[in-house]
Novice: 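Right, I'll just put the structure down here and ask away after.
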Amino acid sequence: MPALFFQHKNFMIGILALLFCSIICQIVIGVIYHRLIWETEHMSTTANKSLQQLKLKFSGYSKINEKVSNVPVFVDKFISHVKIGAIPLSMLRHLSGQLMLLSVLVAGIGACLGIIHNESFFSIAPFYVISFLGLYCYFAISSLIDIPGKINILRINLVDYLENHLANRLEQTKTDMQLINRDSADMPAAYPEPEQPKSPAASAAYTESGRQDDSPAQAAAAKADDTDIPGISDAELRELESLLQELAATFTIS
């Protein structure tokens, strides 16, 4: 029986290689989505660059438009652009299906060539057997990985985080910033500084009004010290005048 499978060795190797690549693509997609789902359970501390960019993008849209109106569409666009290297996962998923169909096509071509060359049924049967087994393995692994289910779980986790956690946090931060800005704007009005008079007349009026609040002793001392010459009191001025008079009388007598 194994000799029948190796009777068309080139066809069998091609069919098995295509099926193997198709199944590997399914497994890689499932692993990536599983890791993303695990990261969404710890979104606040995630180190995944794609999820960090998603949070920054959502925060930027919220600041520009005040609010993201349709979060599920925002999340769907993110999921559709998830990549492995430069290849989107959606493209890799389609590639997996195409490889599986290509393996079936190669098996059909091998069976047709066997019929053309008048080979027996037992020589052609391995093509059908390996095609059926390959299709069974492909769909069995696809159902175990459940890529649509993983995409749905990832979508639910992201929508829940963005709508119920990040959006509320951004609104609270915005409210706090508005309160801080309003308090800082009200501080000069709450503690106004006294205006200084600009003209000399206003300055004199301001001085007199300020002295009205002083005590009588302070007012009397201030009046006693008021002179036309700054820094000299009336008593000192009178002593200087008497000294000048004595000097004048001395020079007159001489």
Novice: Do the side chain of S131 and the main chain of F127 share a donor and acceptor less than 3.5 angstrom apart?
Specialist: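 Yes, because the side chain of S131 sits within donor-acceptor range (under 3.5 Å) of the backbone of F127.
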Novice: Which residues pass the ring pair (Phe, Tyr, Trp, His ring centres under 6.0 Å) test with Y33, sequence neighbours left out?
Specialist: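 Residues passing ring pair (Phe, Tyr, Trp, His ring centres under 6.0 Å) with Y33: none at all.
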Novice: Under 4.5 Å between side-chain heavy atoms, counting indirect links through other Ile/Leu/Val/Met/Phe/Trp/Tyr residues: same cluster for L105 and L101 or not?
Specialist: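 Yes, because L105 and L101 connect within a single hydrophobic cluster, where side-chain heavy atoms sit under 4.5 Å apart.
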Novice: So, taking the atom named CD1 in I141 and the one named CD1 in I23, what distance separates them when rounded to the nearest 0.5 Å?
Specialist: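 So the CD1 of I141 and the CD1 of I23 are separated by 4.0 Å.
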Novice: Restricting to non-hydrogen atoms, name the atom on T40 and the atom on M43 that form the minimum distance, rounded to 0.1 Å.
Specialist: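 Here T40 and M43 meet closest at O-CG, 3.2 Å.
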Novice: Tell me which donor-acceptor pairs under 3.5 Å the side chains of residues 89-96 have, and how far apart each pair is, sequence neighbours excluded?
Specialist:
| unit_1 | atom_1 | unit_2 | atom_2 | d |
| --- | --- | --- | --- | --- |
| S96 | OG | S22 | O | 2.7 |
| S96 | OG | S22 | OG | 3.2 |
| S96 | OG | Q26 | NE2 | 3.2 |

Novice: How long is the span from the CZ atom in F78 to the CG atom in L154, to the nearest 0.5 Å?
Specialist: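 Between F78 CZ and L154 CG, I get 6.5 Å after rounding to 0.5 Å.
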Novice: Would you check if I115 and I124 make a side-chain contact, meaning some heavy-atom pair closer than 4.5 Å?
Specialist: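 With C-beta onward as the side chain, the pair touches.
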Novice: Side-chain contact test, heavy atoms from C-beta onward, threshold under 4.5 Å: evaluate it for E119 versus L113 and give yes or no.
Specialist: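 Result no, sub-4.5 Å side-chain heavy-atom pair not found.
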Novice: Is there a continuous path of hydrophobic side-chain contacts, each under 4.5 Å between heavy atoms, that joins I24 to I145?
Specialist: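 I24 clusters together with I145.
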Novice: Between the side chain of K150 and the main-chain N/O of L36, is any donor-acceptor distance below 3.5 Å?
Specialist: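 Checking the backbone N and O of L36 against the side chain of K150, no donor-acceptor pair under 3.5 Å is found.
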Novice: Which distance, rounded to the nearest 0.5 Å, do you find between the CD of E39 and the CG of L158?
Specialist: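 Atom-to-atom, E39:CD and L158:CG are 11.5 Å apart.
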Novice: Establish whether V31 and I79 are linked, either directly or via other cluster members, by ILVMFWY side-chain heavy-atom contacts under 4.5 Å.
Specialist: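 In one cluster with V31: I79, yes.
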Novice: CG/L51 to CG/L56 distance, rounded to the nearest 0.5 angstrom?
Specialist: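 Separation between the atoms: 11.0 Å.
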Novice: Looking only at heavy atoms, which two atoms of P72 and R155 are closest? And how far apart?
Specialist: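 What the structure gives for the nearest pair is CB-NH2, 3.2 Å.
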Novice: If you round to the nearest 0.5 Å, how far is NZ of K55 from CD of Q53?
Specialist: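 Between Q53 CD and K55 NZ, I get 12.0 Å after rounding to 0.5 Å.
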Novice: Ignoring hydrogens, what is the shortest heavy-atom contact between A111 and Y128? Give both atom names and the distance.
Specialist: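 Shortest heavy-atom separation between A111 and Y128 comes out as CB-OH, 3.9 Å.
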Novice: Run through I151, N152, D146 and flag the one making a side chain to side chain contact (heavy atoms under 4.5 Å, CB included) with P148.
Specialist: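 Among the candidates, only D146 passes.
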Novice: Taking side chain as C-beta onward, heavy atoms only, is F20 less than 4.5 Å from L99?
Specialist: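 Not in contact.
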Novice: Is a donor on one side and an acceptor on the other found under 3.5 Å between the side chain of H34 and the backbone of G30?
Specialist: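 Checking the backbone N and O of G30 against the side chain of H34, no donor-acceptor pair under 3.5 Å is found.
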Novice: Of the non-hydrogen atoms in M12 and P126, which two are nearest, and what is the gap between them?
Specialist: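 Residues M12 and P126, closest heavy atoms: CE-CB, 3.4 Å.
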Novice: Consider only side-chain heavy atoms of I, L, V, M, F, W and Y, link residues closer than 4.5 Å, and tell whether I87 and I27 are in one cluster.
Specialist: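 In one cluster with I87: I27, yes.
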Novice: For the atom pair CG (L19) and SG (C21), what is the distance rounded to the nearest 0.5 Å?
Specialist: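 With rounding to 0.5 Å, CG (L19) is 9.5 Å from SG (C21).
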Novice: Give the cluster check for I156 versus I37: same hydrophobic cluster or not, with ILVMFWY residues linked at side-chain heavy-atom distances below 4.5 Å.
Specialist: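 The answer is no; the residues belong to distinct hydrophobic clusters.
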Novice: Going through the distances and angles, do L18 and V104 end up as a side-chain contact (heavy atoms from CB on, under 4.5 Å)?
Specialist: CA-CA 9 Å; L18 292 171; V104 175; over 6 Å; no
